[in-house]
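Computed over heavy atoms, backbone and side chain alike; hydrogens, waters and symmetry mates excluded.
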Amino acid sequence: MITHYGSLLMVAALAYLLGSIPFGYILVRIFRGADVRESGSGNIGATNVARSSPALGIATLILDAAKGYAAVGIGFFVASLTTFGYDRTGHVLPALAALFAVLGHVFPIWLKFRGGKGVATGLGAFAALVPKAVLIMIGIFAALVIAFRYVSLASMVAAAALPALIYVLYVKGWGGPINDVLAAALAASAIIIAKHHANISRLLAGTEHRFSLPFGTIRNETKTL
């Protein structure tokens, strides 16, 4: 059996390291021979990667979401081995894994803590915990992108909506352990929104570039996943 504190440290460390794998950077380096941080917005997320290759952008989106999902899977697995009592605190470790996967993506040790915004990784992580809330969040994101063509605005609103959706769809009905997921979602949403500080300034100034997808090409969007 793994002890309470040992399991917390193990899950946090593994989730952070998994989240910090910079798939966007790796894919562009391998297939384009370039450093994605030196082009576009300088971000390692899917949107910036897609400027050089839409296919690599999609691959980055999938892989970034997958690492978040996998991190939560590790949390559930370790929870089953602990001495804490799964029925009482079974969501503590998966929720912790979700938060640290986002932290790993945003502050990757391999890239001197200069990472992405954490949207895709958070999407994958919380999809493993609260899938109904994430499905609605994706709908909100898509509707806002279509209506306003600001990926940054859609990302922030969707991130802010996630904790409220978790509360309405899960906490009111379940209570107990799901509160840990709500706490992790509040923290992750705050991190994601804070990482959009430059976008917020541009939105307020009316200088944020809009997103467009003509014939599969992404242009002039300084935002991120």
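- The heavy-atom pair separating Phe126 from Ala188 by the smallest distance is CE1-CB, 3.9 Å.
- Taken to the nearest 0.5 Å, the OG atom of Ser152 stands 7.5 Å off from the CZ atom of Arg202.
- Of the possible donor and acceptor atoms, one in the side chain of Ser39 sits under 3.5 Å from a partner among the backbone N and O of Val36.
- Side-chain contact between Phe100 and Val11 is absent, with no heavy-atom pair separated by less than 4.5 Å.
- Counting only distance, with no hydrogens or angles, the side chain of Arg37 and the backbone of Ile44 share no donor-acceptor pair below 3.5 Å.
- Residues Tyr170 and Val181 are not in side-chain contact: their nearest non-hydrogen atoms beyond the backbone lie 4.5 Å or more apart.
- Using a distance-only test at 3.5 Å, with no hydrogens or angles considered, a donor-acceptor pair links the side chain of Lys67 to the main chain of Ile21.
- Judged by distance alone, the side chain of Ser189 and the main-chain N or O of Ala159 form a donor-acceptor pair under 3.5 Å.
- Rounded to the nearest 0.5 angstrom, Leu186 CG and Asn179 CG are separated by 10.5 Å.
- Rounded to the nearest 0.5 Å, atoms CG (Leu96) and NE2 (His91) are 13.5 Å apart.
- Side-chain contact check for His196 versus Val119: some heavy-atom pair is nearer than 4.5 Å.
- Minimum interatomic distance between Pro163 and Leu182 (heavy atoms only, all atoms of both residues): O-CD1, 3.3 Å.
- The distance from atom CG of Leu93 to atom CG of Leu8, rounded to the nearest 0.5 Å, is 5.5 Å.
- In this structure the side chain of Asn199 reaches within 4.5 angstrom of the side chain of Lys117, judged on heavy atoms.
- In this structure, the side chains of Phe76 and Leu129 come closer than 4.5 Å at one or more pairs of heavy atoms.
- Without hydrogens or angle criteria, Arg114 side chain to Phe107 main chain gives no donor-acceptor distance under 3.5 Å.
- Using modelled atom types, one side-chain atom of Ser52 and one backbone atom of Val49 make a donor-acceptor pair closer than 3.5 Å.
- Put simply, the side chain of Tyr25 never gets that close to the backbone of Gly45: no donor and acceptor are under 3.5 Å apart.
- For Leu63, the side-chain contact (heavy atoms from CB on, under 4.5 Å) partners two or more places apart in sequence, or in a different chain, are Phe23, Leu27.
- At distances below 3.5 Å, not a single donor-acceptor pair connects side-chain atoms of His105 with backbone N or O atoms of Ala101.
- Nearest heavy-atom pair, Leu18 versus Ala71, reported as atom, atom and distance to 0.1 Å: CD2-N, 3.5 Å.
- The minimum heavy-atom distance linking Asp35 with Arg29 is given by the pair CB-NH2, 3.6 Å.
- Between Trp110 and Ser20, the shortest heavy-atom contact is NE1-OG, 2.8 Å.
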